[in-house]
K.L.:
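Dumping the structure here so I can ask a few things about it.
Just so it is clear, the structure is predicted and the values come from calculations on it, not from any experiment.
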Amino acid sequence: MAAAEGIVACAAGHSLSSGSADSLKNASESPSEDNPDLRSVLVTSILNLEKLDTDLHRGTHHWVPRSQRLFGGQIVGQALVAAAKSVSDDVFAHSLHCYFVRAGDPKVPVLYQVDRTRDGKSFSVRSVKAIQHGQPILTCQASFHTQQPSPLQHQFTMPNVPPPEELLTFEELIHRYLSNPDLAENAKLGLNKILADEVPIEIKPVNPPDFYKRVAMEPKKLFWVRAKGYIGEGSMKLHCCVAAYVSDYAFLGTALLPYPDYRVQFLASLDHAMWFHNTFRADHWMLYECESPWAGGSRGFVHGRLWRRDGVLAASCTQEGVLRVRAVAQSNL
């Protein structure tokens, strides 16, 4: 299952399906104070599943990477949507644990089969299989709970970084790269292909790598991220599903930052886990802090933290993936 690295894109597609649960739909129906007619495509299409039967849903694809394997974040987000449709409105997602077991086929939809593993007084657990051609491509355990007060509260401190208003988007950075008259034609072609894509999220890197020079960097990455379009207050379950989708963008590539003289031959997510700590808006800027404490054996391990602008820790993520590389001798310029 491919993870998206660098700048990734999804094409906007279908309209709202009639099978959507109200609790995962209503958040897209309130007008934005800035863009009254703009709705996030992540809500109206990408994470909007068609209900086929009780606990059985179908999802379609809105972006296929060049590897011709489905984007892992889409499958994780859709699996959490399917699980969320099977629980009551008074519980909230607090964690998910996924394994990617087969490459996804971009030519056919994905079926999501939900098993209602347990409903307790405080916690509800759901098991989800994402199925293509009669075989699972992803297995997911999602847990939901009733919010409870507690005197035990602590968190790390959010990194001190420039606000998103002072930073360039990925698209603006690409235009800056393209303005270099010495840029090689193959590099121009690749960058223009990225610009032609429609990306459902906005990203503003805090510490972007130097495109012109191969400089080894610490395996840490910081960028502001938010869903494009309006989602609104709505259901916290919906914002968790959007955050699960967003969390796979450029995540595993953090492990590659110390190795500028190597190019990826094969990259794929093996598993993905996420914990939701506090309420947040996925259509508001959040700081994604990513770091890779280990790489070896053709695998890389990364973990990340999603921070609200007010310094509250919203969610934490971990992922391991396959990283097969080859040495690069020539320059991009």
Side-chain angles (χ1 to χ4, degrees), residues 1-8 65-77 79 95-104 130 136-141 156 159 161 170 190 203 205-223 225 243-277 287-307 313 315-332:
M1 187 70 57
E5 301 307 325
I7 307 165
V8 288
R66 295 175 190 176
S67 64
Q68 292 303 299
R69 300 188 310 274
L70 295 180
F71 171 47
Q74 174 188 293
I75 309 305
V76 173
S95 69
L96 61 89
H97 300 259
C98 301
Y99 278 94
F100 301 100
V101 294
R102 289 180 178 85
I137 62 172
L138 173 137
T139 61
C140 176
Q141 295 277 337
F156 284 179
V161 300
F170 264 133
I203 296 176
V206 174
N207 57 340
D210 192 327
F211 184 79
Y212 304 117
K213 299 177 182 178
R214 293 199 185 98
V215 178
M217 299 178 64
E218 193 177 6
K220 293 185 178 181
K221 184 187 299 183
L222 290 160
F223 56 91
V225 61
Y245 179 96
V246 168
S247 68
D248 196 30
Y249 273 89
F251 196 24
L252 190 56
T254 310
L256 298 169
L257 293 177
Y259 312 102
D261 293 325
Y262 289 87
R263 182 171 296 169
V264 173
Q265 284 187 303
F266 180 80
L267 182 148
S269 305
L270 293 171
D271 57 3
H272 190 91
M274 196 164 186
W275 295 263
F276 304 100
H277 308 307
L287 182 69
Y288 200 6
E289 178 188 10
C290 308
E291 56 186 350
S292 174
W294 176 88
S298 295
R299 304 192 319 277
F301 175 75
V302 291
H303 61 76
R305 291 181 281 270
L306 273 169
W307 299 90
L313 183 60
S316 299
C317 316
T318 62
Q319 186 177 105
E320 188 180 48
V322 178
L323 293 172
R324 297 185 183 131
V325 300
R326 63 177 176 85
V328 179
Q330 72 277 10
S331 172
N332 284 329

K.L.:
Would you compute the distance between atom CD of Glu291 and atom CG of Leu222 and round it to the nearest 0.5 angstrom?
P.N.:
9.0 Å
K.L.:
Tell me whether Lys221 contacts the main-chain N or O of Leu257 through its side chain, where contact means a donor paired with an acceptor under 3.5 Å.
P.N.:
no
K.L.:
Going by side-chain hydrogen bond (donor to acceptor under 3.5 Å, both in side chains), name the residues that satisfy it together with His277, two or more places apart in sequence or in a different chain.
P.N.:
Ser316
K.L.:
Starting at CE of Met217, measure out to OG1 of Thr254 and round the result to the nearest 0.5 Å.
P.N.:
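Between atom CE of Met217 and atom OG1 of Thr254 there are 10.0 Å.
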K.L.:
Can you sort out the partners of Val246 under side-chain contact (heavy atoms from CB on, under 4.5 Å), two or more places apart, ordered by chain and number?
P.N.:
Ile201, Val225, Val242
K.L.:
List for me each residue that meets side-chain contact (heavy atoms from CB on, under 4.5 Å) alongside Ala295, sequence neighbours excluded, and say none if there are none.
P.N.:
none
K.L.:
Are any of the side-chain heavy atoms of Arg326 and Tyr262 separated by less than 4.5 Å?
P.N.:
no
K.L.:
Can you name the side-chain hydrogen bond (donor to acceptor under 3.5 Å, both in side chains) partners of Glu289, sequence neighbours left out?
P.N.:
Arg305, Trp307
K.L.:
Please enumerate all residues that pass side-chain hydrogen bond (donor to acceptor under 3.5 Å, both in side chains) together with Ser247, with sequence neighbours excluded.
P.N.:
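Testing Ser247 for side-chain hydrogen bond (donor to acceptor under 3.5 Å, both in side chains), a comparison that skips the adjacent residues, returns His272.
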K.L.:
Contact between Phe156 and Leu313 at the side-chain level, heavy atoms closer than 4.5 Å - yes or no?
P.N.:
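They are not in side-chain contact.
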K.L.:
Please name the residue in the list Tyr249, Tyr288, Phe170 that meets the ring pair (Phe, Tyr, Trp, His ring centres under 6.0 Å) test with Phe223.
P.N.:
Tyr288
K.L.:
Mind checking what makes side-chain hydrogen bond (donor to acceptor under 3.5 Å, both in side chains) contact with Ser95, not counting sequence neighbours?
P.N.:
none
